[in-house]
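Worksheet: the structure to be examined is printed underneath.
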Amino acid sequence: MRFDVITLFPELFAPFQSVGVTRRAFETRAVDVRLWPLRDHAEGVYRRVDDRPFGGGPGMVMLVEPLVRCLAAIRASQAADGGARLPVVLFSPAGRPLTQQRVEALAASPGAVLLCGRYEGIDQRFIDAHVDEEISLGDYVLSGGELPALTLMDAVARLQPGVLHDAASHQQDSFSDGLLDCPHYSRPEVLPLPAREGGEPIEQGVPPVLLSGHHAHIARWRREQQLAITLRRRPELIAAARERGELSKKDEDFLRGLT
Ligand SMILES: CCN(CC)Cc1ccc(CNC(=O)c2csc3nc[nH]c(=O)c23)cc1
């Protein structure tokens, strides 16, 4: 699958292509990323990509014409590669919050043009004429759409075949089964951890069940930890899992014991 990224800061994307899971996705071409620096499509002496908003107000607005020229170049490149004409995704605070469900849909698609907004936003006429979908990362204010785009690319790259070593691991990802993750432990079995300032002493050992080798008990303990942690931090995810029929009778018995 392919991402054509329109951005004012292509340098922000280099680390994605050279580190970890996403590097493998990029090297194996499971995910093709093509960066399109918007400034290359700005004309005039000052090569403007933004200007002041009509009606006044703070900040600047991204101009339509450089975006139209940039998108035309992308369409020509997609056609030349015989690829599909990909939908345009705008990252914006006014977009629909990104979910794992949306990530999975995109991961199964041929890809998308990812438009990274900067400044106060994009001229609405470009959005009306060319944008197919607006995506937000969540209700907090970032400086632009590049980190959201990197987040989406990371989440999609992990789902591509052959990218994750242990394919089963993304099935077990907590957001794949809708509950928060259980605690994890590794060597050493006992840690000389100092107690917190004026707090309770830290549990130094590892839950014995994890050392028992009894896989059914371990799986049960992990599931009960997921349920307890999710009920405490994100109770709405319990209700949603129940709605989807994903809670077993054992799960429900355990939850009743907690409340
Ligand atoms: C007028 C108030 N602001 C809207 C919340 C203006 C504004 C702030 C920051 C931006 C830059 N942010 C993004 O482009 C962005 C793109 S996706 C996203 N997800 C969460 N939060 C974000 O700020 C974003 C754009 C407009």
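The structure displayed is predicted, hence computed values, not measured ones. Whatever order the structure lists them in is the order used to number ligands and atoms, beginning at 1.
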Does Asp253 come within less than 4.0 Å of Arg256, counting only side-chain N to carboxylate O?
-> yes

With under 30° as parallel and over 60° as perpendicular, where do the rings of His214 and His217 fit, or are they tilted in between?
-> parallel

Sort and list the pairs that fulfil salt bridge (Lys or Arg N to Asp or Glu O under 4.0 Å) and have at least one residue in residues 133-150, not counting sequence neighbours.
-> Arg102-Glu133, Arg118-Glu146

Is it the case that Arg223 places NZ or CZ above or below the six-membered ring of Trp221, under 6.0 angstrom from the centre and within 45 degrees of the axis?
-> no

Answer with yes or no whether the side chains of Gln225 and Arg222 bring together a donor and an acceptor at under 3.5 Å.
-> no

Do NZ/NE/NH1/NH2 and the carboxylate oxygens of Glu27 and Arg29 come within less than 4.0 Å?
-> no

Output the set of protein residues with a heavy-atom contact under 4.0 Å to ligand 1, ordered first by chain identifier and then by residue number.
-> Phe91, Ser92, Pro93, Gly117, Tyr119, Glu120, Ile135, Ser136, Leu137, Gly138, Tyr140, Val141, Leu142, Ser143, Gly144, Gly145, Pro148

